[in-house]
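Reading through the structure tokens given below for one structure.
Heads up: numbering here begins at 1 and tracks the sequence. Computed from a predicted structure; not experimentally measured.
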Amino acid sequence: QVQLVESGGGLVQAGGSLRLSCVASGRTFSSYVVGWFRQAPGKEREFVATISYSGGNTYYADSVKGRFTISRDNAKNTANLQMNSLKPEDTAIYHCAAVTTIYPSRTYYDAREYNYWGQGTQVTVSS
């Protein structure tokens, strides 16, 4: 079992930045793929970004590519999502998710692949 706790959300003006963190506890984080997903009111959950457990591979949704950066520090059991040039359409609850894998370069963009989820952190971008 691994527990995930997100932090770093808040209210920011369009064009601003936020840095989300996901801290894992319960098991070693280093063998887990991590993904970030978001869900806006009335909309389905949406993939944002994912990073392999080695940290060497990342993959982004087209809507955030070039603005968001996912990273991880396995020594600190933490994954981060740096969000720059935020837009009102980025407003959502952001969740981190994790799944173990034996493949150091594997990433997953499908939420169904993940079996551990955090409670989420609210990000609100005002225009």
Side-chain angles (χ1 to χ4, degrees):
Q1 287 281 348
V2 64
Q3 292 79 42
L4 305 173
V5 178
E6 304 95 335
S7 64
L11 173 64
V12 65
Q13 287 189 331
S17 298
L18 283 173
R19 183 178 178 86
L20 305 184
S21 293
C22 174
V23 179
S25 61
R27 279 196 175 182
T28 178
F29 196 45
S30 59
S31 61
Y32 286 79
V33 176
V34 174
W36 284 94
F37 294 80
R38 66 187 182 187
Q39 188 164 19
K43 294 189 176 182
E44 293 196 355
R45 182 170 50 193
E46 175 187 25
F47 165 75
V48 176
T50 179
I51 187 167
S52 61
Y53 81 64
S54 69
N57 274 12
T58 58
Y59 183 69
Y60 298 89
D62 287 344
S63 59
V64 307
K65 202 172 295 183
R67 300 188 297 122
F68 291 11
T69 302
I70 190 171
S71 62
R72 67 189 299 160
D73 185 341
N74 288 338
K76 297 182 179 179
N77 277 7
T78 299
N80 299 301
L81 185 68
Q82 178 67 42
M83 306 187 297
N84 298 330
S85 302
L86 283 161
K87 304 175 181 179
E89 52 263 43
D90 294 319
T91 295
I93 298 175
Y94 284 70
H95 298 267
C96 69
V99 61
T100 189
T101 179
I102 62 172
Y103 303 108
S105 299
R106 182 66 56 87
T107 57
Y108 298 109
Y109 61 84
D110 189 337
R112 295 170 295 181
E113 298 283 359
Y114 293 87
N115 50 6
Y116 297 106
W117 291 83
Q119 292 297 309
T121 184
Q122 176 71 48
V123 171
T124 303
V125 184
S126 63
S127 56

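- With contacts defined as side-chain heavy-atom distances shorter than 4.5 Å, the pair F68/L18 does not qualify.
- For the pair W36 and C22, the tightest heavy-atom approach, listed with the atom from each and the gap, is CZ2-CB, 3.6 Å.
- Residues R67 and Y60 have side chains not in contact (no heavy-atom distance under 4.5 Å, counting atoms from C-beta outward).
- Put simply, the side chain of S52 never gets that close to the backbone of R106: no donor and acceptor are under 3.5 Å apart.
- Taking the six-membered ring where tryptophan is involved, the planes of F47 and F37 are perpendicular, since the angle between them exceeds 60° and thus also 30°.
- Interatomic distance, OG1 of T50 versus OH of Y109, reported as 11.5 Å (0.5 Å rounding).
- Residues L4 and H95 are not in side-chain contact: their nearest non-hydrogen atoms beyond the backbone lie 4.5 Å or more apart.
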Contacts under 3.5 angstrom, residues 118-127 side chains, donor-acceptor by atom type, not counting sequence neighbours:
unit_1	atom_1	unit_2	atom_2	d
T121	OG1	G9	N	3.1
Q122	NE2	A92	O	3.4
Q122	NE2	T124	OG1	3.3

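- Evaluation of the salt bridge (Lys or Arg N to Asp or Glu O under 4.0 Å) test over residues 74-85, restricted to residues two or more places apart or in two chains, returns none.
- Counted by atom type alone, Q82 and N84 present one or more donor-acceptor pairs between their side chains at under 3.5 Å.
- The aromatic rings of Y32 and F29 lie parallel to each other, their planes meeting at an angle below 30°, with 60° marking the opposite boundary.
- Nearest approach of S17 to S85, heavy atoms of both residues: OG-N, 4.3 Å.
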Could you tabulate the donor-acceptor pairs under 3.5 Å formed by side-chain atoms of residues 96-104, not counting sequence neighbours?
unit_1	atom_1	unit_2	atom_2	d
T100	OG1	S31	O	3.3
T101	OG1	Y103	N	3.1

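- By the 4.5 Å heavy-atom criterion applied to side chains, V12 and M83 are not counted as neighbours.
- Under the 4.5 Å side-chain criterion, counting only non-hydrogen atoms from C-beta, N80 is in contact with R19.
- Expressed to the nearest 0.5 Å, how far CZ of R72 lies from CG of L81 amounts to 13.5 Å.
- Under the 4.5 Å side-chain heavy-atom criterion for grouping Ile, Leu, Val, Met, Phe, Trp and Tyr, V34 is not connected to V23 through any hydrophobic cluster.
- No more than 12 heavy atoms of other residues, nucleotides or ligands lie within 6.0 Å of NZ in K43, so this atom counts as exposed by the packing criterion.
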### Message
One pair to check against side-chain contact (heavy atoms from CB on, under 4.5 Å): R38 and V64. What are the steps and the verdict?
### Response
CA-CA 12 Å; R38 66 187 182 187; V64 307; 4.0 Å; yes
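- Side-chain contact between Y59 and I70: absent, with no pair of heavy atoms (C-beta onward) separated by less than 4.5 Å.
- A donor-acceptor pair under 3.5 Å is absent between the side-chain atoms of Y94 and the main chain of G8, judged by distance alone.
- Ion pairing between K87 and D90 fails under the 4.0 Å rule for side-chain N and carboxylate O.
- Side chains of E46 and S63 form a contact here, defined as non-hydrogen atoms less than 4.5 Å apart.
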